[in-house]
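Below: the structure, in structure tokens.
Just so we're on the same page: letters track the sequence lines, and every chain starts at 1.
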Amino acid sequence: MKYWLMKCEPSAYSIDDLARDKTTRWEGVRNYQARNFMRDEMRAGDKVLFYASNADPSGVTGLAEVSREGYPDAEEPWTLVDIRFVAKFPQVISLETLKETRGLEDMVVTKKGSRLSIQPVTKTEYDIVVKLGRKK
DNA sequence: GCCAACGTTGGC
DNA sequence: GCCAACGTTGGC
């Protein structure tokens, strides 16, 4: 079981869209490192922190999981996965909060200049964010 | 294989 | 909307 953070601009696709659709094809990733994670490491059932980038505020808006493992995009040489809606947080866990939270110091998304749209997350980090997300 | 130019991402 | 940081491209 692995844990991931997947970014998307809410103007393109939001947690509400995922809640409505239940599952979606994670199309359009055009970065080799992110592709390699999808192609080589993601497994069905892996847990996903759904992150809204370029948002107000940017942050984790909910949870998802991998519902279909990496399969080839129509456009070579890219890969995609499907993800399934799990939960929407009652409030966004903002990037600022993530940066201030003990235990998340090494989380990729809190690092300056981290543009990778699919990032590995440790179980510890995942659990901390889920705990934050469940708080009212 | 270097690296300048260019395009994109994403916080602010 | 700005622009720093980063990834990619392509000439050499």
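Here A:Asp46 does not pair with A:Arg43 in a salt bridge; the nearest charged N to carboxylate O distance is not below 4.0 Å. Under the 4.0 Å criterion applied to side-chain N and carboxylate O atoms, A:Asp16 and A:Arg20 are not assigned as salt-bridge partners.
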Report all interatomic pairs (protein N or O, nucleotide N or O of nucleotides 4-10 of chain C) with separations under 3.5 Å.
| from | atom 1 | to | atom 2 | distance (Å) |
| --- | --- | --- | --- | --- |
| C:dA5 | OP1 | A:Lys112 | NZ | 3.0 |
| C:dA5 | N3 | A:Arg115 | NH1 | 3.0 |
| C:dC6 | O2 | A:Arg115 | NH1 | 2.4 |
| C:dC6 | O2 | A:Arg115 | NH2 | 3.1 |

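Note: A:Trp26 and A:Tyr13 have perpendicular aromatic rings, judged against thresholds of 30 and 60 degrees for the angle between ring planes.
As judged by a 4.0 angstrom heavy-atom cut-off over every strand, A:Lys99 is placed among residues touching the sugar-phosphate backbone only.
Listed by first and then second residue, the side chain to side chain donor-acceptor pair (under 3.5 Å) pairs involving residues 106-119 of chain A are A:Ser114-A:Gln119 (not counting sequence neighbours).
Hydrophobic clustering keeps A:Leu95 apart from A:Trp4 (ILVMFWY residues linked when any side-chain heavy atoms are closer than 4.5 Å, directly or through intermediates).
Here the two rings, on A:Tyr32 and A:Trp78, have centers that are under 6.0 Å apart.
Within a heavy-atom distance below 4.0 Å of DNA chain B, the residues of residues 48-56 of chain A found are A:Tyr51, A:Ser53, A:Asn54.
Using a distance-only test at 3.5 Å, with no hydrogens or angles considered, a donor-acceptor pair links the side chain of A:Thr23 to the main chain of A:Ile83. A:Asp17 contributes a side-chain N or O that, together with a main-chain N or O of A:Ser14, makes up a donor-acceptor pair within less than 3.5 Å.
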